[in-house]
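The chains referred to below are lettered A, B, ... by the order of the sequence lines, with proteins before strands, and numbering in each begins at 1. Bear in mind that the values here come from a model prediction, so they are computed numbers and not experimental data. We use all heavy atoms of the structure for the numbers below, so side chains are in, but hydrogens, waters and symmetry mates are not.
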Protein chains: 2
Amino acid sequence: MTSHKEESLPSVSSAEWEVIETLWDNGPLAARDVFAALPAGHGWAYKTVKTLLSRLVAKGAVDYQQVGNSYLYRAVYSRDQMTHKEVKGFVERVLDGASLPILARLIEREDLSDDQIADLRRLLAEKERKSLGKEERRPR
Amino acid sequence: MTSHKEESLPSVSSAEWEVIETLWDNGPLAARDVFAALPAGHGWAYKTVKTLLSRLVAKGAVDYQQVGNSYLYRAVYSRDQMTHKEVKGFVERVLDGASLPILARLIEREDLSDDQIADLRRLLAEKERKSLGKEERRPR
DNA sequence: ATCTATAGCCTACGGGTGTAGGCGAAGTCA
DNA sequence: TGACTTCGCCTACACCCGTAGGCTATAGAT
């Protein structure tokens with residue numbers, strides 16, 4: 001239950017997102033270690049990663065703590081917070097508020113354990129109970 | 001049931017998306033009518049809309065038919081196709097690490113009609129049927 | 001005390017995007 | 001048959017983004 005009311009989380013580009021993911025996955029890291037931790041294969045130069053880190057800092061998505069002559073970079077917001085912001089924006093921008101398509105796609109495509117499936121079904125059942133009777137129609 | 005196998009649909013920016021939406025919603029339109037049909041309040045100049053239409057044409061997302069001295073613009077791909085592509089890209093870009101929390105949050109917080117809820121439950125039920133017995137654990 | 005590898009800082013450059021303006025051709029009204 | 005209006009085409013410009021390189025200070029190695 002992360003609190004509601006996160007309004008202006010910084011918005012990060014997609015390369016930046018890859019970088020900040022390494023921080024979410026590995027905790028605070030020096031630039032060099034971020035570089036090392038990135039999934040090999042994207043082919044970025046170290047300098048590129050540095051630039052991305054700096055931009056993330058400039059945007060307030062990442063901060064750092066000086067350790068010796070270098071920085072330990074750390075994600076300011078949780079993955080959950082940032083992801084939710086992105087999802088919300090996406091749902092509004094592309095899906096016109098209709099979250100059904102993305103939900104359906106996620107359900108179809110994700111590996112979900114039986115437990116997880118059960119949890120989601122429980123959530124849906126509860127929601128249905130609470131909402132019986134409201135109709136919502138979007139054109140075409 | 002949109003067919004699978006749409007690979008390289010053009011990718012449109014978010015302003016462009018708003019424009020092409022008016023074409024999906026209203027069928028082929030002249031630039032002027034696109035402008036008029038846009039939800040009032042975004043504050044674009046007519047020229048801006050023209051630019052966006054031209055860019056959409058350049059990208060192959062929109063084409064036109066000349067009628068008199070002006071064009072009737074028309075979306076080349078269906079909303080469904082384009083939306084699908086966007087959802088796919090988004091899910092890959094942002095949600096690859098942590099889709100479960102997002103699923104849960106979306107289900108809890110979004111408005112879903114009863115029909116939609118039923119659809120999702122159906123999807124989950126089917127998935128559960130297919131996956132019974134496999135255990136899949138993803139880290140954190 | 002020097003030298004060198006590395007850190008962070010600042011700069012770059014080409015393409016995309018938001019947001020238009022200018023211009024010449026063509027249709028419309030008087 | 002002019003005077004406007006409107007079209008589409010081309011251009012602009014600042015900012016973001018992907019993708020780095022150069023410069024300078026400093027931490028370690030010798």
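For C/dG18, the base has no donor-acceptor partner in the side chain of B/Lys47 [N/O atoms by modelled type, under 3.5 angstrom].
Here the nucleotide nearest the side chain of A/Trp44, chosen from C/dC9, D/dA20, D/dC17, is D/dA20. With distances taken from any side-chain atom of A/Arg55 to the nucleotides C/dT6, C/dA12, D/dG8, the minimum falls on C/dA12. Distance from the side chain of A/Lys59 is smallest to D/dC17 among C/dT19, D/dC17, D/dG18. You'll find that the side chain of A/Leu52 is closest to D/dG18, out of D/dG18, C/dG8, D/dT6. Here D/dG8 is the nucleotide among D/dT19, C/dG8, D/dG8 with the atom lying nearest to any side-chain atom of B/Tyr46. In the set C/dA7, D/dC7, D/dG21, the nucleotide with an atom closest to the side chain of A/Thr51 is D/dG21. Here the side chain of A/Asn69 is nearest to one of C/dG8, D/dG18, D/dT26, namely D/dT26.
When rounded to the nearest whole Å, the span between CH2 of B/Trp17 and C1' of C/dT17 equals 17 Å. Going from atom CZ of B/Phe35 over to atom P of D/dG8 covers 14 Å, rounded to whole Å. One can place OH of A/Tyr73 at 7 Å from C1' of C/dG8, the figure rounded to the nearest angstrom. Look at OH on B/Tyr71: it is 13 Å from P on C/dG27, rounded to the nearest Å. A straight line from CG of B/Leu53 to P of D/dC9 spans 11 Å, rounded to a whole angstrom. Spacing between atom CG of A/Leu38 and atom C1' of D/dG18 amounts to 14 Å, rounded to whole angstrom units. Nucleotide C/dA7 holds its C1' atom 16 Å from the CD atom of A/Gln65, rounded to whole Å. Between the CD atom of A/Gln66 and the P atom of C/dT6 there is a distance of 19 Å, given to the nearest Å.
Summarising the geometry, atom OG belonging to B/Ser54 is positioned 9.0 Å from atom OH belonging to B/Tyr71; distances are rounded to the nearest 0.5 Å. Rounding to the nearest 0.5 angstrom, the gap separating the CD atom in B/Glu86 from the CZ atom in B/Arg79 is 12.0 Å. Rounding to the nearest 0.5 Å places CZ of A/Arg93 at 9.0 Å from CG of A/Leu95. Here B/Glu21 contributes atom CD and B/Asn26 contributes atom CG; the two are 10.5 Å apart, rounded to the nearest 0.5 Å.
Side-chain nitrogen and oxygen atoms of B/Ser14 include at least one within less than 4.0 Å of the OP1 or OP2 phosphate oxygen of C/dG18. When the side-chain nitrogen and oxygen atoms of B/Tyr64 are compared with OP1 and OP2 of D/dC7, none of them lie within a distance under 4.0 Å.
No single ILVMFWY cluster, assembled from side-chain heavy atoms under 4.5 Å apart, contains both A/Leu72 and A/Val76.
B/Ser54 comes within 4.0 angstrom of no nucleic acid atom, judged by non-hydrogen atoms across all strands. Among the protein residues, A/Ser13 comes within range of the sugar-phosphate backbone only, with heavy atoms under 4.0 Å from sugar or phosphate atoms but none that close to a base.
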